[in-house]
S.K.: 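Here it is, the structure in full.
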Amino acid sequence: LWEVRGGFVMWHLPLALLFSAPVSAYRLARCPVPHASSRHSVLASVLDADEGLETQTRRKRPIPAMVPPSAKTTVEDGWVCGPDSIEPVLQALRNGEFVLLAEDDEEDTAISLILLPQHATAEKLGFLAEHALRPRLVMRPERYARVYNSLHTIVLDNKDLDQPALSISIQAGQPDPSNATHVSATLRALASEEPEFAQFQCPGAVSLSCARSGGLLRRAGATEAAAELSQLCSRSVTLQTPPQSDAQPGTTGAGSTGLGALQATLYESGWDSVKAISTTHGLRYTSTADLIAYLRRTEQLVERVGLPARMPTKHGLFVAHCFRSLVDGIEHIALVKSPPSEDELMPFAGSSRPALVRVHSECCTGDIFSSLRCDCGPQLETALQAIERDGHGVLLYLRGQEGRGIGLGAKIHAYRLQERGFDTLDANTQLGLPVDTREYGTGAQILVALGIHDMRLISNNPKKFSGLTGYGLRIVQRVASATVPNPENIRYLQTKQDRMGHMLGETIRPGLQP
């Protein structure tokens, strides 16, 4: 790509071309230095271009918080390869090996190669050039900001071959057979705990990419997944042995993980390719969906907001506990009914009796406006009545899950499509939206925070059973959530029973037809 900057013509090369034909990571021919003020604008412009590249090479999808089971799914609740796929991948990364990362469980899933930068060598960069598009060094936001803010210490247009080359743009130069070696040295230098940025030269061959703040649970992209893998390796490093004496020059051993990961999208896609490449090259693999399921079980997702308070309602007196999600900032409320407890923050901790629990997804139209198009409002009312009668339970109200997670506006649009003959599932897919994006990891952690271990779950939805297990919770009984259908929601209920597996039992009576 040709560009005129500062009165001079410059040629920018994709990094894939750089690796396939060893173009120099620096300019051998002296060119006048652009004005210093352009340093950050050049960085920003290429960052935009990198984001455009990802858009072209990756298929954007909503966060697969709960990937529907498929023929390949071995475990429910978001797993694709299964929970046992995570630790072997982390161990392979710590050992300096490539790993494969699939995006989801679809047959044409995009695939990435991931490598920790301190293990970069010319041979491994050659492998990348053969199998993948332009690689990028992915960093978490705080690390990326540090590198970005250090640009002013890097001397532009430096030709010193002994210094690592850092840039996210490439300018034309003479072919250089030592290019891959030079780039790998740059990657290892960036992976150090305290990089000496004044020793870097700019421009160079290493493209940088910043993961989104909040990580993989905020954006299910290859960039965020690579950053999470690096971070997970860092957190488990204390369990590992010290680095071996034959570690690559410039590395700092396993302790330098968490500082970034090299990520590149493969030319091939699909699960057949994942398995074939894994077998041929002996690479471990997992998926972005598996990482999300893993993080939801191992990361702290919620924090308590303030102290509990009395909440008198028309159904009885409850105690309200408020929690905030550390992932998206959404606040959730739990209405607790229990005997007096010494620990007001964990009212169920001292009881061996299973609590009666209803985990209710926010429904503005049904809960507030009493819409007859769904059964959400009646389920909320009957659950509160049941918990009041039982005297030992909680209603957990999860906000941000309107319309099975698609949002209020999209839900109303889906209603319009239902008026044209689509059912509640097909209306979502017609809008290009998932059938159900709700996840229950946040709710499960709130229940644990209240001291619940065993529970009687009020639900007709089998997805909630798998979604709430695995967090130290045990469902000892399912309690049906019975409501009375009406002509406006009978087809909706029939669809949930026939196509989503909801256990409605006698709720849909034979005499009431859609």
S.K.: For Asp454, is there an ion pair with Arg353 - N to carboxylate O distance below 4.0 angstrom?
M.R.: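 So Arg353 does not pair with Asp454 through a salt bridge.
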S.K.: Does Arg416 have more than 12 heavy atoms from other residues, nucleotides or ligands lying within 6.0 Å of its CZ?
M.R.: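 For Arg416, atom CZ is not crowded (no more than 12 foreign heavy atoms under 6.0 Å).
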S.K.: Tell me the salt bridge (Lys or Arg N to Asp or Glu O under 4.0 Å) pairs involving residues 325-341, sequence neighbours left out?
M.R.: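 Salt bridge (Lys or Arg N to Asp or Glu O under 4.0 Å) check on residues 325-341 returns Arg324-Glu331, Lys337-Glu388.
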S.K.: Do Tyr440 and Leu398 come within less than 4.5 Å of each other through their side chains, counting heavy atoms only?
M.R.: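 Sidechains of Leu398 and Tyr440: in contact.
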S.K.: Going by atom types only, do Lys496 and Thr424 share a side-chain donor-acceptor pair under 3.5 Å?
M.R.: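 Side-chain D/A pair, Lys496 to Thr424: absent.
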S.K.: Within a radius of less than 6.0 Å around CZ of Arg404, do more than 12 heavy atoms belonging to other residues, nucleotides or ligands occur?
M.R.: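 Yes, the 6.0 Å shell around CZ holds more than 12 heavy atoms from other groups.
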S.K.: Are the ring centres of Phe98 and His281 closer than 6.0 Å?
M.R.: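 They do not qualify: ring centres at least 6.0 Å apart.
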S.K.: Sorted by first residue and then second, give each ring-ring contact (aromatic ring centres under 6.0 Å, His included) pair with at least one member in residues 301-331; sequence neighbours left out.
M.R.: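 For residues 301-331, and leaving out neighbouring residues, there are no ring-ring contact (aromatic ring centres under 6.0 Å, His included) pairs at all.
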S.K.: Taking CD in Glu142 as the centre, count heavy atoms belonging to other residues, nucleotides or ligands within less than 6.0 Å. Is the count above 12?
M.R.: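 More than 12 heavy atoms, drawn from other residues, nucleotides or ligands, come within 6.0 Å of this atom.
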S.K.: Of the non-hydrogen atoms in Cys363 and Tyr397, which two are nearest, and what is the gap between them?
M.R.: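 In this case the closest contact between Cys363 and Tyr397 is N-OH, 3.6 Å.
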S.K.: Minimum heavy-atom separation for Asp290 to Gly82, with atom names?
M.R.: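 Minimum heavy-atom separation between Asp290 and Gly82: OD1-N, 3.0 Å.
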S.K.: Going through the checks in order, is the side chain to side chain contact (heavy atoms under 4.5 Å, CB included) test met by Ile111 and Thr265?
M.R.: CA-CA 6 Å; Ile111 314 167; Thr265 303; over 6 Å; no
S.K.: Heavy-atom distance under 4.5 Å between the side chains of Ile114 and Leu93, does that happen here?
M.R.: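 When only atoms from C-beta onward are counted, Leu93 and Ile114 do touch, with a gap below 4.5 Å.
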